[in-house]
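I am attaching a structure below and will ask some questions about it afterwards.
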Amino acid sequence: MKRTEKIANDFHNTGIAVWDNFISGADASILRAELEKRKAFMQKAGVGRGSDLQIKKDVRGDFIEWIQDSDDSDFRKIYLNPLWEIVEEFNKRFFLGIRKSEHHLAWYPPGTRYQKHVDVFKSNDARVVSTVLYLNSSWQPSDGGELCIYPPTISQPLLGRAGPEKAAPLKVEPVGGRLVLFESTLEHEVLESNASRYSVTGWFKRKPPL
Ligand code: OGA
Ligand code: NI
């Protein structure tokens, strides 16, 4: 079975898929170096959007910079182009109707986290698939910073299918080169990180209804 097919099956069955070494260690180093160069320009991330946007450090402590559409950078060549191939496979198999994506660099300084949340907004549910690529070299368990994703439950079904009443979260360490894809309506959180934590986070979106 091709790797992409396995990822699509995992996503379909559980709403979550993890792909280790999606990019090579050398490519992760290139992207991490670019992110570190841009750190000075990164903004404190907010919660909500538009006029609801608020900065709440205890809820979310990361700094971000959006990657521009026109950006002809290494991020596009190394990461976004191959990622779109996977998403096109998801589109074909699951009729997700994804047309657009948005991505930002993220840096969690030591001592920061992101409390439990979903990635869809109350006013706009265009986000279908959330993606995170980690750029950390030699991540240690004591560094913390795991992504915890809560699987679908009866009260929060996935693609119309209900899971068990309660399920333990999947804990993912932010190991460099690792890609995580998950359904954007699933609850998830980033546990407190004890080291600087680098990633590229993205969302694949369907056209909002007219
Ligand atoms: C987010 C998010 C997860 C991670 O930015 O919305 O949940 O592992 N990120 O960085
Ligand atoms: Ni999130």
Side-chain angles (χ1 to χ4, degrees), residues 3-4 7 17-47 49 53 55 57 60-90 98-114 117 119 127-147 149 172-182 184 188-205:
R3 193 73 192 262
T4 311
I7 291 294
V18 179
W19 186 324
D20 281 337
N21 301 311
F22 180 69
I23 65 169
S24 70
D27 282 345
S29 300
I30 292 173
L31 299 190
R32 186 172 60 251
E34 289 209 16
L35 192 158
E36 284 184 316
K37 265 194 295 191
R38 298 188 198 199
K39 254 163 121 172
F41 309 102
M42 293 172 89
Q43 306 275 331
K44 230 173 186 351
V47 178
R49 58 173 3 212
L53 185 78
I55 307 290
K57 190 174 174 304
R60 156 166 211 196
D62 56 330
F63 288 73
I64 64 166
E65 187 188 346
W66 290 97
I67 297 175
Q68 299 307 316
D69 261 354
S70 56
D71 197 338
D72 186 27
S73 64
D74 289 334
F75 286 104
R76 190 155 294 281
K77 277 176 268 173
I78 293 173
Y79 177 54
L80 298 185
N81 291 343
L83 183 55
W84 260 110
E85 285 179 27
I86 300 178
V87 172
E88 286 300 353
E89 184 72 26
F90 282 21
I98 290 166
R99 295 278 167 274
K100 286 186 172 183
S101 70
E102 54 192 0
H103 306 266
H104 66 55
L105 310 176
W107 164 44
Y108 287 76
T112 59
R113 65 185 188 128
Y114 192 163
H117 66 281
D119 287 348
R127 288 174 168 182
V128 179
V129 181
S130 300
T131 57
V132 194
L133 172 76
Y134 298 110
L135 300 177
N136 306 297
S137 61
S138 60
W139 194 259
Q140 304 297 316
S142 58
D143 291 335
E146 295 96 344
L147 168 64
I149 311 173
V172 183
E173 282 185 28
V175 171
R178 175 176 282 169
L179 170 70
V180 185
L181 304 105
F182 58 96
S184 299
H188 56 281
E189 67 184 311
V190 177
L191 303 185
E192 186 172 325
S193 189
N194 302 314
S196 269
R197 179 189 193 270
Y198 303 117
S199 57
V200 189
T201 308
W203 296 274
F204 287 84
K205 308 198 291 185

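Everything quoted here is computed from the prediction, not taken from an experiment.
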- prompt: Does a sphere of radius 6.0 Å around NZ in Lys100 hold more than 12 heavy atoms from other residues, nucleotides or ligands, not counting ones at 6.0 Å or beyond?
  reply: no
message: Determine whether Leu179 and Tyr79 satisfy the following criterion, side chain to side chain contact (heavy atoms under 4.5 Å, CB included), listing intermediate values before the conclusion.
response: CA-CA 10 Å; Leu179 170 70; Tyr79 177 54; 3.5 Å; yes
message: Whether the side chain of Arg197 engages the backbone of Tyr108 through a donor-acceptor N/O pair (distance < 3.5 Å, no angle test) should be reported.
response: no
message: If we ignore hydrogens and angles and just use 3.5 Å, is the side chain of Asn194 paired with the main-chain N or O of Ser142 as donor and acceptor?
response: yes
query: Does Arg127 pair with Glu102 as a salt bridge, N-O distance under 4.0 Å?
result: yes
task: Give a yes or no on whether Gln43 atom CD has more than 12 heavy-atom contacts from other residues, nucleotides or ligands under 6.0 Å away.
output: no
task: Starting from the C-alpha separation in whole Å, work towards a yes-or-no answer on side chain to side chain contact (heavy atoms under 4.5 Å, CB included) for Leu135 and Leu105.
output: CA-CA 10 Å; Leu135 300 177; Leu105 310 176; 5.8 Å; no
field: 4.5 Å side-chain heavy-atom contact, Leu147 and Phe182
entry: yes
query: Are any side-chain N or O atoms of Ser184 and backbone N or O atoms of Ser130, one a donor and one an acceptor, separated by less than 3.5 Å?
result: yes
- request: Using a 4.5 Å cut-off on heavy atoms from C-beta on, say whether the side chain of Val180 contacts that of Tyr134.
  value: yes
query: Does the pair Phe22 and Ile86 meet the rule for a side chain to side chain contact (heavy atoms under 4.5 Å, CB included), with working shown?
result: CA-CA 11 Å; Phe22 180 69; Ile86 300 178; 3.5 Å; yes
field: Candidates Leu83, Val18, Val132 - the one meeting side-chain contact (heavy atoms from CB on, under 4.5 Å) with Leu181
entry: Leu83
query: Any idea how Phe204 and Trp84 line up, ring-wise: parallel (<30°), tilted (30 to 60°), or perpendicular (>60°)?
result: perpendicular
Euclidean distance, Asn136 CG relative to Ser199 OG, rounded to 0.5 Å: 7.5 Å
- request: Carefully, step by step, assess Trp19 and Thr4 under the rule side chain to side chain contact (heavy atoms under 4.5 Å, CB included).
  value: CA-CA 9 Å; Trp19 186 324; Thr4 311; 4.0 Å; yes
message: Ring centres under 6.0 Å, that's the criterion: do His104 and Phe63 meet it?
response: no
